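Since the structure comes first, as structure tokens, the remarks are kept for the end.
The figures that follow rest on heavy atoms only: side chains count, while hydrogens, waters and symmetry mates do not. Being a predicted model, the structure only gives us computed values, none of them experimental.
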Amino acid sequence: MNPDLRGRLLNLLCTLAYREGDFTLSSGLKSDYYINGKQVTLDAEGAWLTGTLFLAQLPPETQAVGGLTLGADPLATAVSLLSYLSGTPLPAFIVRKQTKGYGAQQQIESPPLAAGSAVVILEDTVTTGGSALQAIQAVENVGWRVIQVLAIADRNQGAKELFAAKGYAYHPLFGIDEIRSQYRALGLHHQP
């Protein structure tokens, strides 16, 4: 992994996405900090950095990338676009939180993929792993194989253990301790 690009992404996480305060997470847990990964993944440089770093970590047998909407949408798009530019195009897919009740009534939007296709689940911020697990269940229901889960930030609140117990390879770019340390090193903890 390119340490310069990783460092640039860490600084963007600290300046754009990480905040301290009183928050309720999607898992229902209370927290004294929040990481809004979309502030990074929707930023042009952040999308490029994340896409580049994730693309470098994909196993060679990867056939598609995606995850649960909304957090994974910009990630899957960035990785797919950069894979095309690198000459090894990979399609992206989006997993809805619920099957849509109209049209083809699909839970997953994707170009056609064969049963048994090897896919990688992408996440911006992981707490317990519940969102990624929801995406995993949806793609396995259509017959695809999850070969890896990638995340930008891991809050270290159970996801690693969950994925290990279920046999999924899991690789976050950053743990919360590294993010908090860099946030303080940048002097950002004094800002309102």
Side-chain angles (χ1 to χ4, degrees), residues 1 3 5-54 57 65-79 94-100 107 120-138 146 148-166 168-192:
M1 183 179 313
L5 297 185
R6 189 177 181 280
R8 284 169 57 187
L9 183 58
L10 178 58
N11 285 340
L12 275 181
L13 271 174
C14 292
T15 57
L16 299 178
Y18 180 86
R19 296 291 173 261
E20 294 183 342
D22 183 26
F23 302 97
T24 301
L25 308 175
S26 63
S27 62
L29 299 172
K30 291 285 193 181
S31 178
D32 63 352
Y33 69 91
Y34 182 68
I35 303 169
N36 184 351
K38 286 163 279 310
Q39 295 299 312
V40 171
T41 61
L42 295 172
D43 175 83
E45 181 185 12
W48 178 78
L49 288 167
T50 305
T52 300
L53 292 168
F54 276 2
Q57 289 194 23
V65 295
L68 193 66
T69 196
L70 177 71
D73 298 355
L75 295 169
T77 301
V79 173
I94 296 169
V95 179
R96 287 187 173 88
K97 292 181 182 175
Q98 297 177 8
T99 301
K100 69 179 185 176
Q107 186 174 9
V120 173
I121 300 296
L122 307 177
E123 278 280 0
D124 56 6
T125 304
V126 176
T127 302
T128 62
S131 293
L133 191 58
Q134 187 176 348
I136 288 168
Q137 290 166 343
V146 175
Q148 187 178 53
V149 178
L150 293 176
I152 298 174
D154 186 337
R155 295 174 55 93
N156 298 339
Q157 292 181 285
K160 179 181 177 184
E161 296 78 10
L162 172 74
F163 297 135
K166 295 192 174 287
Y168 298 110
Y170 173 57
H171 303 286
L173 293 176
F174 305 100
I176 188 57
D177 293 339
E178 184 177 10
I179 295 167
R180 281 186 146 170
S181 176
Q182 183 66 7
Y183 183 77
R184 282 163 177 66
L186 293 172
L188 298 171
H189 63 288
H190 298 297
Q191 294 180 353

Measure the spacing between [atom1] of [X] and [atom2] of [Y] and express it to the nearest 0.5 Å.
X      : Y      : atom1 : atom2 : result
Asp154 : His171 : CG    : NE2   : 12.5 Å
Gln39  : Arg19  : CD    : CZ    : 8.0 Å
Ile35  : Ile176 : CD1   : CD1   : 4.0 Å
Leu173 : Leu150 : CG    : CG    : 7.0 Å
Leu10  : Thr15  : CG    : OG1   : 9.5 Å
Asn11  : Gln182 : CG    : CD    : 4.5 Å

I'd like to know if the side chain of [X] and the backbone of [Y] have a donor-acceptor N/O pair within less than 3.5 Å.
X      : Y      : value
Gln107 : Arg96  : yes
Glu123 : Val149 : no
Ser181 : Asp177 : no

Name the orientation class of the two ring planes belonging to Tyr170 and Phe163 (parallel below 30°, tilted from 30 to 60°, perpendicular beyond 60°).
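Rings of Tyr170 and Phe163: tilted, 30 to 60°.
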Minimum-distance pair of heavy atoms, taken over all atoms of [X] and [Y]:
X      : Y      : result
Ala76  : Val65  : CB-O, 3.8 Å
Ala138 : Val95  : CB-CG1, 3.6 Å
Ala72  : Leu122 : CB-O, 3.3 Å
Gly51  : Ala78  : CA-CB, 4.1 Å
Val126 : Ala159 : CG1-CB, 3.1 Å

Is it true that atom NZ of Lys38 has more than 12 heavy atoms of other residues, nucleotides or ligands lying nearer than 6.0 Å?
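Counting neighbours around NZ of Lys38, more than 12 heavy atoms of other residues, nucleotides or ligands fall under 6.0 Å, so yes.
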Criterion side-chain contact (heavy atoms from CB on, under 4.5 Å) on Tyr168 and Leu162, from CA distance to verdict
CA-CA 9 Å; Tyr168 298 110; Leu162 172 74; over 6 Å; no
Side-chain touch [X]/[Y], heavy atoms, less than 4.5 angstrom:
X      : Y      : result
Thr41  : Ile152 : yes
Arg155 : Ser31  : yes
Leu13  : Tyr18  : no
Tyr34  : Leu25  : yes
Glu20  : Tyr183 : yes
Phe54  : Gln148 : no
Val40  : Leu9   : yes
Lys166 : Ile136 : no

